[in-house]
K.L.:
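Take a look at this one; I'll ask things after.
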Protein chains: 2
Amino acid sequence: MARLDLDDLRLFRLIAEAGSITAGAARAHLALAAASARVRGMETALGVRLFERSRQGVTPTPAGETLMIHARALLAQADRMHEEMSFHSGAGAGHIRLLSNTNALAEFLPDLLGRFLASAPAATVDLRERLSDEITRLVAEGVADIGIVASTADTGALETFPFRSDQFVLVVANGHPFAGRPAIAFKDVLDQDFVGLDQASAIQRLLADRAAREGRRLRLRVQLRGFDAVCRVVEAGVGVGIVPETTAKRAICTMALTAIPLADPWATRDLRICVKSLAALPESARRLVELLRSPGLA
Amino acid sequence: MARLDLDDLRLFRLIAEAGSITAGAARAHLALAAASARVRGMETALGVRLFERSRQGVTPTPAGETLMIHARALLAQADRMHEEMSFHSGAGAGHIRLLSNTNALAEFLPDLLGRFLASAPAATVDLRERLSDEITRLVAEGVADIGIVASTADTGALETFPFRSDQFVLVVANGHPFAGRPAIAFKDVLDQDFVGLDQASAIQRLLADRAAREGRRLRLRVQLRGFDAVCRVVEAGVGVGIVPETTAKRAICTMALTAIPLADPWATRDLRICVKSLAALPESARRLVELLRSPGLA
DNA sequence: GGCGTCCTTCGTAAAAAGCGAAGGAGTGCG
DNA sequence: CGCACTCCTTCGCTTTTTACGAAGGACGCC
């Protein structure tokens, strides 16, 4: 073996993170002996020691630290490759590749897609969540058929149509000091503890980025999957949350919450549908676009 | 095989570039059957067709085009990893890792390193060429022991010492229309055909970048390894070249060339030695630094 | 000295990868 | 229409690689 491979790097990273070959092997679902031999093989191939061994396990050498940086970058890039390639694998008659940002995904698409799929039994939809700029790029490249993005995204030469309008609001428990405010700026809530969505969520990455622009980090107490879950935890009073207004209005009916509009321009989300070329889309995708464009439905 | 590996991607890229599995297999030093089976395995793993097969060979499908983008990025990143790791592998008593930009490499280091190695039989030097900003980063990270950079580079907290001063000059054949000028600006030579160094050369990448800042590209007729070779081809009158003044002065003695100073500030190269911490260097590296710092010698 | 923890080595088996040879598919030419 | 040519695929076999369980080694602690 002359050069390291991705499986080598994956095992190496798992061992470094676990702090022992024994634990790393377990995480990699390998026998200890196999993992040990493989690490030794990597060290032979590179001509360098990657770990110091001890009774407490292993610690990376300086060379191991360097390899870790590269391993993380390569494995992340490989994950992106596999994910993007998996999007191609569904291409075929009746299959529609749809990218959405977080607002649309949670609030509007479930009902609309349910109706679409009911009316088109042979169609399938691959729905994934992305940031708006990522969506426009993937639609432009032809990797996705349809995108739903915030109007602030640069859609370049893509064809776009209005979709829905929504707004992020701050939700707080009733009785919270902010509860009486008519509106609030994002930067003014950064001192609060936050209940957020997990890192895979596009909005979560948007909020982290907006906080970074203020030279701050979000004080995340917990990260959940889904805005409804966020509202429930906010109701318990352990932090504040940012959710779409439509989610908040629905949650207020059943939870002791107060919704406060965010004053920032980026918090108003005029959502738009974008496609590379409506005329060039397969018929099933075109019919989905027409449904998405139809006036607001319950 | 569930996920693609770097060897898969390397073979895939070779086939795509060659235009046939037969030629790609040859370039990868594999039998045709092995390459064919491996591509088929990749297509199975990804669930997507990567190539259209025909009597003329193969052409990438849209999915294949996407994979090619990712493959190139991953393989480039893997090459950087292996190269950086190979720098670690030489670490040891008496081994010195030295990074230099192109001027120093060509003009000053051969004589100085020759003298150093003559006086220190047990020492070894791993000398590589980089752009100055790359050098400062790798020295700061402890991956290299000693760096030689242009004084314009941001050396941050590194310890630096003067090394040498040099200047890029334009060399042209005697009789060239520029031959009478006392000096010339880089942007004024961009209409000329160029004789350059190969893409691995730091100065070549610097010049390409400077040209890009003028919204231009270098008109490279040929790319060579070494300034002396550049001078010889310039003498033949097929283009102009940019080389260190010391090279030009030596070349003028034996070739029908004219050297014209470049007027741009960046063309004046005050070279400096940088180290992370002189006191912390192994003794052999410290002694090399002292030799490098000594006043100009023949 | 015995015990516990973690890593390394060994022999073996299974899986993967590669090879040469032969066949298949498709196109162009006489 | 048959043949030749080009390129890819399949098959059977061999070699190499990878993984396993078991046992031993190194080291520190009680």
Side-chain angles (χ1 to χ4, degrees), chain A residues 1-61 63-65 67-68 71 75 78 82, chain B residues 1-61 63-65 67-68 71 75 78 82:
Chain A
M1 178 234 298
R3 294 164 73 90
L4 304 195
D5 230 336
L6 292 175
D7 286 333
D8 292 322
L9 296 175
R10 202 168 284 124
L11 175 63
F12 171 78
R13 189 192 65 189
L14 288 170
I15 292 172
E17 288 169 352
S20 80
I21 299 182
T22 305
R27 294 181 187 190
H29 305 105
L30 282 180
L32 165 61
S36 176
R38 202 163 181 145
V39 171
R40 186 56 61 98
M42 290 169 68
E43 289 173 331
T44 302
L46 294 173
V48 72
R49 249 341 193 23
L50 297 172
F51 291 115
E52 292 301 327
R53 274 81 160 164
S54 77
R55 192 164 163 285
Q56 287 82 25
V58 295
T59 53
T61 59
E65 300 281 0
L67 185 63
M68 188 62 156
L75 293 169
H82 283 104
Chain B
M1 182 229 302
R3 292 164 73 89
L4 305 195
D5 230 339
L6 293 175
D7 286 334
D8 293 321
L9 297 175
R10 203 167 284 125
L11 175 63
F12 171 78
R13 188 193 66 190
L14 287 170
I15 291 171
E17 288 168 354
S20 80
I21 298 181
T22 305
R27 292 183 187 186
H29 304 105
L30 280 180
L32 166 61
S36 176
R38 204 164 179 146
V39 171
R40 185 58 59 98
M42 291 168 68
E43 288 173 330
T44 302
L46 293 173
V48 74
R49 247 346 196 18
L50 297 174
F51 291 115
E52 292 302 327
R53 276 81 159 166
S54 77
R55 190 167 165 281
Q56 287 81 28
V58 294
T59 53
T61 59
E65 301 278 3
L67 184 62
M68 188 62 156
L75 293 170
H82 282 103

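Every chain is numbered from 1 and lettered A, B, ... according to where its sequence line falls, protein lines coming before strand lines. Here the structure is a predicted model, which means the values were calculated and not measured.
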K.L.:
A:His29 NE2 to D:dT18 C1': how many Å, rounded?
P.N.:
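Rounded to the whole Å, the gap is 17 Å.
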K.L.:
Rounded to the Å, how far apart are B:Asp7 CG and D:dT18 P?
P.N.:
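After rounding, the reported distance stands at 10 Å.
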K.L.:
Side chains of A:Val39 and A:Arg53: does their closest heavy-atom pair fall under 4.5 Å?
P.N.:
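Yes, at least one pair of side-chain atoms sits under 4.5 Å.
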K.L.:
Suppose we screen for side chain to side chain donor-acceptor pair (under 3.5 Å). Which residues come up paired with B:Arg10, at least two apart in sequence or across chains?
P.N.:
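Side chain to side chain donor-acceptor pair (under 3.5 Å) list for B:Arg10, sorted by chain: B:Asp7.
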K.L.:
Taking side-chain contact (heavy atoms from CB on, under 4.5 Å) as the definition, give me every residue that meets it alongside B:Gln56, ordered by chain and number, with sequence neighbours left out.
P.N.:
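For B:Gln56, the residues satisfying side-chain contact (heavy atoms from CB on, under 4.5 Å) (neighbours in sequence not counted) are B:Ser54.
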K.L.:
Report the C-alpha separation of A:Leu67 and A:Val48 in whole Å, then their side-chain angles, then the decisive distance to 0.1 Å, and conclude whether the side-chain contact (heavy atoms from CB on, under 4.5 Å) test is met.
P.N.:
CA-CA 11 Å; A:Leu67 185 63; A:Val48 72; over 6 Å; no
K.L.:
For A:Ala71 and A:Phe12, which heavy atoms make the closest approach, and how far apart are they?
P.N.:
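A:Ala71 and A:Phe12 have their closest heavy atoms at CB-CD2, 4.4 Å.
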K.L.:
Please tell me which of the listed nucleotides, D:dT18, C:dT9, C:dG18, lies nearest to the side chain of A:Ser36?
P.N.:
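Shortest atom-to-atom distance from the side chain points to C:dT9.
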K.L.:
Starting at CZ of B:Arg38 and ending at P of D:dT17, how long is that distance when rounded to a whole Å?
P.N.:
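Answer to the nearest Å: 13 Å.
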K.L.:
Please list, chain by chain and in numerical order, all residues satisfying side chain to side chain donor-acceptor pair (under 3.5 Å) with B:Arg13, sequence neighbours excluded.
P.N.:
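With sequence neighbours excluded, B:Arg13 shows a side chain to side chain donor-acceptor pair (under 3.5 Å) to no residue whatsoever.
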K.L.:
Nearest-Å distance, CG (A:Asp5) to P (C:dA17)?
P.N.:
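Atom-to-atom, A:Asp5 to C:dA17, this comes out as 10 Å.
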K.L.:
A:Leu50 CG to C:dC7 P: how many Å, rounded?
P.N.:
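Nearest whole value for this atom pair: 14 Å.
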K.L.:
Closest-nucleotide mapping onto DNA chain C: is A:Arg53 or B:Ala35 further toward the 5' terminus? I mean the 5' end.
P.N.:
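The residue closer to the strand's 5' end, by nearest nucleotide, is A:Arg53.
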K.L.:
Let me check something: any side-chain donor-acceptor pairs from residues 21-32 of chain A under 3.5 Å, sequence neighbours excluded? List them with distances.
P.N.:
none

K.L.:
Rounded to the nearest 0.5 Å, what separation is found between the OG1 atom of A:Thr59 and the CD atom of A:Glu52?
P.N.:
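So the OG1 of A:Thr59 and the CD of A:Glu52 are separated by 6.0 Å.
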K.L.:
Have a look at the helix from C:dG1-D:dC30 to C:dG30-D:dC1 and give the angle its two end axes make, five pairs each, rounded to 10 degrees.
P.N.:
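It comes to 10° between the two terminal axes.
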K.L.:
Is there any protein nitrogen or oxygen under 3.5 Å from a nitrogen or oxygen in nucleotides 4-6 of chain C, and what are the pairs?
P.N.:
from, atom 1, to, atom 2, distance (Å)
C:dG4, N2, A:Arg55, NE, 2.6

K.L.:
Expressed as a whole number of angstroms, how long is the span from B:Phe51:CZ to D:dC7:C1'?
P.N.:
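B:Phe51 atom CZ is separated from D:dC7 atom C1' by 14 Å.
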K.L.:
How many whole angstroms separate atom CD1 of B:Ile15 from atom C1' of D:dT9?
P.N.:
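For the pair B:Ile15 CD1 and D:dT9 C1', the rounded distance is 13 Å.
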K.L.:
Can you tell which of C:dG18, C:dC7, D:dT10 lies closest to the side chain of B:Ala33?
P.N.:
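The answer is D:dT10.
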K.L.:
Please lay out, stage by stage, how A:Arg3 and B:Leu6 fare under the test side-chain contact (heavy atoms from CB on, under 4.5 Å).
P.N.:
CA-CA 9 Å; A:Arg3 294 164 73 90; B:Leu6 293 175; over 6 Å; no
K.L.:
Starting at CE of A:Met42 and ending at P of C:dT8, how long is that distance when rounded to a whole Å?
P.N.:
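One finds 13 Å between P of C:dT8 and CE of A:Met42, rounded.
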